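Working notes for the structure below.
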Amino acid sequence: MAKKDSVKQELIGGLNEDLNLELEAVLRYLYHSSTATSLLGHELRELVKEDIAGELNHAIFLADKINALGGDVKINVGMPKRVRSAKQMMEMNIKAERKAVANYAVRIDQAEAFGDRGLVIRLEDILAEETDHAEDLERLKR
Ligand SMILES: [Fe+2]
Ligand SMILES: [Fe+2]
C-alpha cells in the first residue's frame with residue numbers, strides 16, 4: 001500500500017471510531033436526560049438534552065465524510081450503562097467528553113497528514129464544541 005493510502009485508511013478508521021463515540025453520546029444523553037433525578041440531575045438533564053442534537057450532527061458529518069473518502073461506515077455502538085445517580089452520570093459524561101477532545105486532536109493531526117484542510121477546520125470546530133461540553137459539565141461539579 002502506498003504511503004498516502006495507509007494515511008487515508010488510518011484516518012477513515014479513526015473517523016469511524018469518532019462516529020461510534022458520537023452515537024454513544026446521543027444514546028447516553030437521551031438516557032440521562034430522561035432518567036436523571038435529584039437537583040443535580042435536574043441541571044444535568046437540561047444540559048445534556050440540549051447536546052443531543054449537536055452530537056447527532058457530529059455523527060452525521062462524520063458518516064458523510066467517511067463515505068466521501070471512499071470508506072465504509074462501520075456502526076458498532078456500545079449501549080449506555082445503567083446508572084442511578086446523577087453524580088455518576090456526570091462523571092461518565094465528563095470522561096467521555098474529555099476522551100472526545102483527545103481523540104479529535106489526534107484526528108486533526110491525521111487529517112493534516114492526509115492534506116485535507118477542510119476536514120481539519122471542521123474537526124477543529126467539533127473539538128471546540130466538545131471542550132465546551134466538558135467545561136459545562138465540570139462546572140456543575142464544582
Ligand atoms: Fe460530539
Ligand atoms: Fe460532546
Side-chain angles (χ1 to χ4, degrees), residues 3-142:
K3 174 95 171 51
K4 176 104 181 163
D5 270 357
S6 72
V7 169
K8 188 181 189 179
Q9 289 316 313
E10 270 175 40
L11 173 62
I12 289 169
L15 292 171
N16 264 307
E17 196 185 311
D18 301 332
L19 169 63
N20 282 291
L21 291 180
E22 292 291 353
L23 292 172
E24 285 171 20
V26 169
L27 296 178
R28 198 177 54 254
Y29 286 167
L30 177 69
Y31 175 50
H32 291 182
S33 71
S34 57
T35 60
T37 54
S38 82
L39 207 57
L40 175 65
H42 174 75
E43 298 292 323
L44 186 70
R45 280 205 308 275
E46 305 261 293
L47 201 60
V48 299
K49 195 173 238 167
E50 266 177 32
D51 291 340
I52 294 172
E55 307 294 20
L56 183 58
N57 282 331
H58 294 164
I60 292 168
F61 167 74
L62 293 166
D64 281 341
K65 187 67 197 190
I66 291 163
N67 185 266
L69 289 170
D72 290 328
V73 173
K74 291 181 182 160
I75 295 177
N76 179 24
V77 182
M79 290 298 130
K81 263 202 208 142
R82 200 184 165 97
V83 190
R84 285 279 168 228
S85 84
K87 190 166 181 289
Q88 273 178 295
M89 290 177 179
M90 211 179 48
E91 307 274 350
M92 196 176 276
N93 293 331
I94 290 170
K95 215 173 135 194
E97 293 290 352
R98 285 294 171 197
K99 183 176 164 57
V101 170
N103 284 12
Y104 283 122
V106 174
R107 219 64 67 224
I108 288 166
D109 290 345
Q110 289 175 323
E112 230 151 36
F114 178 60
D116 188 334
R117 294 296 300 274
L119 179 57
V120 169
I121 291 165
R122 290 301 182 84
L123 290 172
E124 282 173 346
D125 284 343
I126 296 177
L127 185 150
E129 286 178 24
E130 309 300 6
T131 303
D132 292 342
H133 293 164
E135 287 178 358
D136 287 346
L137 287 159
E138 282 161 357
R139 184 170 302 183
L140 272 190
K141 222 178 109 176
R142 288 206 290 267

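Any value given below was found using the heavy atoms of this structure, including those in side chains, with hydrogens, waters and symmetry copies removed. Model, not experiment: these values are computed from the prediction. When a ligand or atom number is given, it counts from 1 through the structure's own listing order.
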E130 atom (N/O/S) at minimal separation from the Fe ion (ligand 1) | OE2
Minimum-distance atom from the Fe ion (ligand 1) among N, O or S atoms of E55 | OE1
Short check: any N/O/S atom of H58 below 2.8 Å from the Fe ion (ligand 2)?
-> no
Any N/O/S atom, backbone or side chain, of E97 lying under 2.8 Å from the Fe ion (ligand 2)?
-> yes
When rounded to the nearest 0.5 angstrom, what distance separates [atom1] in [X] from [atom2] in [Y]?
X	Y	atom1	atom2	answer
I12	N67	CD1	CG	10.0 Å
E97	E138	CD	CD	9.5 Å
R45	T35	CZ	OG1	9.0 Å

Examine D51 and say whether one of its N/O/S atoms is closer to the Fe ion (ligand 1) than 2.8 Å.
-> no
Could you pull out the atom name of the N/O/S atom in H133 that is nearest the Fe ion (ligand 2)?
-> ND1
Okay, side chain of N20, backbone of K74: is any donor-acceptor separation there less than 3.5 Å?
-> yes
Would you find a donor on one side and an acceptor on the other, under 3.5 Å apart, between the side chain of K4 and the backbone of F114?
-> yes
